[in-house]
Amino acid sequence: MRLIPRIVIGIYLVIAVIGPLFIDYDPVHTPLKDRLLSPGSHTSTGTAWLGTDGVGRDILAQIVYGARTSMLIGALTVLVSCVVGICVGVVAGYARGWVDAVLARVIDVLLAFPGILLVIVIAGAFDRGVLVVVVALAAAGWISFARVTRAVALSLRERAWVDAARVMGVPRREIIVRHVLPFAIGPVVAMATLEFALIVLAEAGLSFLGIGLPTTTVSWGQTIASGKQYLETAWWISTLPGIALSLLIISVGILGDQLTARYGRGRRI
Amino acid sequence: MRTKVVAAVAALGLLAACSTTTGGSDTGSTSATGGDLTVAGTYPIESLDPHGVTGGGSTGTQLADRAIFSRLVGADTKGKLVGDLATSWKSGADTSEWKFELRKGVTFSDGSPLTATDVVDSFTRLLAINGTNAANFTGYTISAPSETEVVIKAPKPDASVPGKLTQFYVIPSGIKADDTAFFEHPVGSGPFTVTKFTPGEVLELAPNKKFSGSPAKLDKVTIKTIPELAARLTALRTGEADVVWGIPDDQLATLRGDDQLKIETVPSTAVYTMWFNSKIPALANAKVRKAIWQAVDFRTIIKELYPDTGKLADAPVAPGVLGYVKQKAVKYDPTAAKKALQEAGFDFNQKLRLQFANAEFRPFIQAVVSDLAEIGVQAEPLEKEQAVFTKDLLALNWDINFQQLTTPTFDAASNLGRLYPCAAGRNGYCNPELDTLLASAGAAADKKERVDDYGKASEIIWRDAVGMYPMAVSIAYAWNSKLQGFQPDPSGLPDFADVRYAAS
């Protein structure tokens with residue numbers, strides 16, 4: 001049972017990586033004659049196993065390509081958030097004093113600001129693009145990493161082995177990298193998993209609202225949005241990518257919980 | 001377990017029954033007074049100022065202004081001019097001077113009489129603000145020889161003055177250009193007055209008790225902006241809204257199955273108009289523009305996306321408009337198009353910015369972009385908010401502009417005559433020959449002569465592909481079958497004054 005989320009995520013990863021090699025899809029091309037076909041119908045180019053959308057594009061291909069987009073944006077954003085968050089957190093926690101005061105207050109201020117609003121403002125202010133979406137999502141995503149790392153660093157810097165290293169004259173940077181950071185990895189990984197799920201969801205939300213990715217990039221959010229007006233007559237356009245999205249989010253969420261149980265609360269530092 | 005399921009089913013049934021009753025309750029208040037009408041509007045009403053910068057161009061504002069203010073001249077649903085504030089009008093020998101006789105005894109909703117001074121001041125205000133509609137009247141002057149008479153003088157002969165005036169609304173004297181407070185609770189002489197207005201969201205109207213014509217029969221009209229189509233149609237089916245129009249073909253089939261609704265499509269004056277920005281080097285060449293037009297298979301797009309409400313356009317203006325002359329169809333030929341583009345030295349790496357507003361046009365735009373991509377022309381669809389769209393439109397901040405362009409005056413003067421002269425600068429196209437033709441068409445008193453001239457002008461516009469003119473639009477209306485007196489309007493600006501609920 002415990003393996004199910006990992007298997008599901010693994011399948012998604014495989015689909016995201018190699019799926020596009022097998023399925024050909026061009027988001028700009030709209031074969032109107034094939035529009036609104038139900039799952040399993042024959043189209044001019046083959047069989048639409050999961051149906052087609054309002055302008056005749058294949059839903060299966062959109063899900064596969066959308067998986068790649070979601071995974072890519074999720075991974076990139078988590079990476080950026082992680083790096084920024086860990087740097088800020090560890091500096092704040094280890095340095096203490098006024099540096100910590102300033103950074104901690106900045107984190108508090110940003111925490112008080114609704115994350116999704118911040119993302120919408122940033123994404124809406126610039127032209128659509130993958131980079132803008134990653135930056136916008138990371139702008140809200142790094143905060144939790146910074147908080148976790150800061151907390152870890154605050155407690156670790158008082159530990160005997162850190163004191164010992166300091167007394168022996170080990171440079172500060174070395175202490176942080178060798179004696180503090182390794183202990184932060186567990187909680188950060190657990191956090192990263194949960195963040196990944198939220199970011200995939202937020203990206204779909206942005207694209208749904210039409211301020212995320214450009215129309216030339218396939219995204220689950222856009223596919224779901226394009227099926228909105230056909231919910232009654234062509235349920236598959238919104239429903240199937242919606243299911244794909246939910247399944248991924250739930251699996252990642254469960255995996256995140258498992259990791260948290262193992263590294264976050266369960267293990268003593 | 002089974003009892004639980006039964007209970008749940010029963011509860012659901014009860015809930016459904018409740019919601020049906022609630023849905024019907026706003027229609028339940030039918031009485032001799034006519035009931036409350038809720039209109040689910042497609043386009044937001046951002047301002048009520050008919051003379052405002054965008055007032056003339058915004059469908060939402062015009063819909064509201066039809067109900068709140070009066071005009072000198074109106075048009076019936078067939079496009080025939082009828083007197084509103086004016087009882088009669090006539091021109092001098094060469095159509096550069098028009099005299100309007102005003103109806104006596106008209107008052108504003110605050111009880112003050114509507115005089116020739118109000119008409120003069122409103123016209124002056126329209127010109128002073130210089131919004132989209134003022135371009136119809138550049139250099140015109142107005143005077144009031146007596147309390148019941150106004151004279152409009154055109155700088156050069158203009159036969160379309162009465163037609164153009166169907167877009168001109170009279171407000172009381174002394175309202176400044178930036179008087180936003182007045183337009184929160186405007187005083188007008190139309191069949192309705194405003195009881196509540198939230199820009200972009202909702203407009204509530206009550207009958208104007210001082211209205212000089214036959215009074216409105218409804219107790220209240222609520223025009224709610226519901227930009228989301230699915231929400232609009234749901235509102236119609238649940239009874240939350242009584243009238244919806246601009247329904248896409250895909251949804252018509254579902255609505256037709258509902259016997260609570262009446263559905264009708266009327267050919268409108270709208271034509272899908274996709275101007276090219278002739279100012280930018282890539283599109284300055286008429287051959288390039290024509291080739292791009294040729295590259296899009298509009299016939300198939302219309303057949304697939306708009307089987308009920310679309311017809312391949314054959315002129316820059318719709319068939320119902322004075323000045324419509326059929327043009328030769330542009331044949332879909334991607335091979336010839338690509339060849340022509342290569343010969344003209346078109347840069348295939350350039351991305352053309354295709355701007356449009358409103359999500360309802362998205363599939364159409366996507367299909368156009370897809371066809372262009374087939375021959376290697378890259379177009380980037382840019383869906384903009386209405387306000388941003390209008391601003392960019394006027395600033396020529398686009399390469400291809402998609403608009404559903406209507407001719408509410410039913411006279412090509414307000415479409416071709418207003419938008420295509422060099423001086424208008426609306427699409428970067430400038431042709432002195434066209435200017436001359438449009439001027440002569442505008443001045444001719446004789447109807448046949450005007451149609452001839454507009455025909456020749458259309459030919460140039462068509463030949464030089466100032467824009468692509470893919471489709472003449474019909475508007476699909478759906479309304480609660482209990483409503484009486486509702487007339488689908490070809491301009492998409494229905495009048496609610498004669499609407500009422502049938503007594504149940």
Side-chain angles (χ1 to χ4, degrees), chain A residues 24-38 43-45 51-58 61-62 120 123-129 206-219 221-239 242, chain B residues 226-234 237 246-258 296-307 310 351 353-354 356-385 388:
Chain A
D24 211 19
Y25 180 69
D26 174 10
V28 176
H29 182 62
T30 59
L32 288 178
K33 293 220 162 92
D34 301 333
R35 68 194 295 263
L36 300 176
L37 293 178
S38 56
T43 67
S44 48
T45 50
T52 59
D53 71 1
V55 284
R57 297 175 298 192
D58 188 33
Q62 292 190 40
I120 289 176
F126 298 95
D127 279 347
R128 294 164 163 209
L206 279 187
S207 297
F208 181 88
L209 294 174
I211 48 176
L213 297 167
T215 42
T216 44
T217 313
V218 190
S219 148
Q222 278 177 14
T223 311
I224 294 172
S226 77
K228 234 175 1 181
Q229 58 161 316
Y230 301 111
L231 271 179
E232 270 178 76
T233 47
W235 54 270
W236 52 90
I237 306 174
S238 289
T239 313
Chain B
I226 309 183
E228 206 55 64
L229 175 81
R232 214 154 56 228
L233 296 181
T234 308
R237 260 173 284 167
I247 304 158
D249 300 59
D250 284 332
Q251 314 296 332
L252 280 177
T254 343
L255 292 181
R256 283 204 174 105
D258 191 335
V296 186
D297 186 3
F298 284 119
R299 191 178 291 276
T300 307
I301 295 177
I302 291 168
K303 200 176 125 232
E304 296 296 335
L305 292 179
Y306 304 101
K351 229 177 204 175
R353 298 166 296 164
L354 200 177
F356 68 107
N358 292 311
E360 61 174 293
F361 302 124
R362 205 184 290 151
F364 180 82
I365 299 289
Q366 280 172 336
V368 172
V369 170
S370 165
D371 277 1
L372 290 178
E374 293 283 309
I375 63 154
V377 174
Q378 300 180 49
E380 184 186 10
L382 296 170
E383 187 178 334
K384 298 179 181 173
E385 288 290 327
V388 181

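Chain letters run A, B, ... following the sequence lines, proteins first and then strands; every chain starts at 1. Because only heavy atoms are used, hydrogens play no part in the values below, and waters and symmetry mates are left out as well, while side chains stay in.
Residues satisfying the side chain to side chain donor-acceptor pair (under 3.5 Å) criterion with B:E374, sequence neighbours excluded, are A:H29. Qualifying ring-ring contact (aromatic ring centres under 6.0 Å, His included) partners for A:Y25, counting only residues two or more places apart in sequence or in other chains: A:Y65. In this structure, the side-chain contact (heavy atoms from CB on, under 4.5 Å) partners of A:F208, at least two apart in sequence or on a different chain, are A:I224, A:A225, A:K228.
Atoms CG and CD, from A:D53 and B:Q366 in turn, are 7.5 Å apart once rounded to the nearest 0.5 Å. Here CD of A:E232 is found 4.0 Å from CZ of B:R237. Values are rounded to the nearest 0.5 Å.
Around atom CG of A:D24, no more than 12 heavy atoms belonging to other residues, nucleotides or ligands sit under 6.0 Å away.
Within residues 227-234 of chain B, the residues that have a heavy atom under 4.5 Å from a heavy atom of chain A are B:E228, B:L229, B:A230, listed by number.
Looking only at side-chain heavy atoms (C-beta outward), B:T254 and A:T233 come within less than 4.5 Å of each other. Looking at heavy atoms from C-beta onward, A:T215 lies out of side-chain contact with B:R362 at the 4.5 angstrom threshold.
Contacts with chain A were tallied for B:T300, B:D297, B:I301, B:D371; B:I301 has the most, counting heavy-atom pairs under 4.5 Å. Ranking B:A359, B:A379, B:A253, B:S370 against chain A, the residue ahead of the rest is B:S370, based on heavy-atom pairs under 4.5 Å.
The part of B:Q251 that comes within reach of chain A is its side chain, from C-beta onward, which places non-hydrogen atoms under 4.5 angstrom from that chain.
When all heavy atoms of A:T30 and B:A367 are compared, the closest pair comes out as OG1-CA, 3.3 Å.
Considering A:V55, A:L32, A:L36 in turn, A:L32 is the only one that fulfils the side chain to side chain contact (heavy atoms under 4.5 Å, CB included) rule with B:E304.
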